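Quick caveat: nothing in here was measured; it's all calculated off a predicted structure. All values below were derived from every heavy atom in this structure, side-chain atoms included, with hydrogens, water molecules and symmetry-related copies excluded.
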Amino acid sequence: MRKLLMLIAMTLTMSLSAWAQSKLTGKIIEDDSKEPLAATTVRLLHTDSTMVQGRLTETDGTFTLQVPKDGKYILKVTSVGFKTLTKNIIVAGGKDQNLGTMAMKVDAIMLN
């Protein structure tokens, strides 16, 4: 009986923690042309820069990241040929957040 109660408690705890996750969504575009950037790396980091989750953007530039719990995070967006985009994020109340459209600037480097 005791094992059954522990199993039920563990299942309930795991269900609640999965339910408490929130989502971050957004879209990445190129600053000049306003075209969506596909296969761009989007990473969610703790404030100490340890990675929480990472994804590539879809062909339309959109992304969705699962946030495990409320807190302060850093969103870091990188793509070859573009300047890194960094944004501080605060997740509170387990609510989903739409970060909107974010534009990446071309990182033009002159070669000799």
Please round to the nearest 0.5 Å and tell me the distance separating atom CG of D107 and atom OG1 of T84. 8.0 Å
For the backbone of Q66 and the side chain of Q53, can you confirm whether one donor and one acceptor N or O come within less than 3.5 Å of each other? yes
Quick check: do P36 and K27 have side-chain heavy atoms less than 4.5 Å from each other? yes
Decide yes or no on side-chain contact (heavy atoms from CB on, under 4.5 Å) for T25 and T62, but give the supporting numbers first. CA-CA 7 Å; T25 58; T62 60; over 6 Å; no
Answer yes or no: does atom NZ of K95 have more than 12 heavy-atom neighbours from other residues, nucleotides or ligands under 6.0 Å? no
Residue pair N88 / I74, side-chain heavy-atom distance below 4.5 Å: yes
Any side-chain heavy atom of D31 within less than 4.5 Å of one from V106? no
Are V91 and V52 linked, directly or through intermediate hydrophobic residues, by side-chain heavy-atom contacts shorter than 4.5 Å (ILVMFWY only)? yes
I29 reachable from M104 in the ILVMFWY side-chain graph, under 4.5 Å edges: no
Rounding to 0.5 Å, atoms NZ (K105) and CD (E30) come to a distance of 10.0 Å
What's the separation between atom OG1 in T64 and atom CD in E58, rounded to the nearest 0.5 Å? 7.5 Å
OG1 on T78 to CZ on R43, rounded to 0.5 Å: 5.0 Å
Check whether any side-chain N or O of S79 sits under 3.5 Å from a backbone N or O of T40 as a donor-acceptor pair, and report yes or no. no
Taking side chain to side chain contact (heavy atoms under 4.5 Å, CB included) as the criterion, tell me which of Q97, K23, R55 meets it with L65. R55
Which atom pair, heavy atoms only, marks the closest approach of S22 to G94? CB-O, 3.4 Å
Within-4.5 Å side-chain heavy-atom neighbours: V42 and L75: yes
Side chains of L56 and T41 in contact at under 4.5 Å (non-hydrogen atoms): yes
How many angstroms lie between CG in L37 and OG1 in T59, if you round to the nearest 0.5 Å? 12.0 Å
Cluster link L45 to L85, ILVMFWY, side chain under 4.5 Å: no
Linking Ile, Leu, Val, Met, Phe, Trp and Tyr through side-chain heavy atoms less than 4.5 Å apart, which residues share a cluster with V80? none
Distance from I89 atom CD1 to K72 atom NZ, nearest 0.5 Å? 13.0 Å
Quick one: which residue pairs count as a ring-ring contact (aromatic ring centres under 6.0 Å, His included) with a foot in residues 25-79, not counting sequence neighbours? H46-Y73
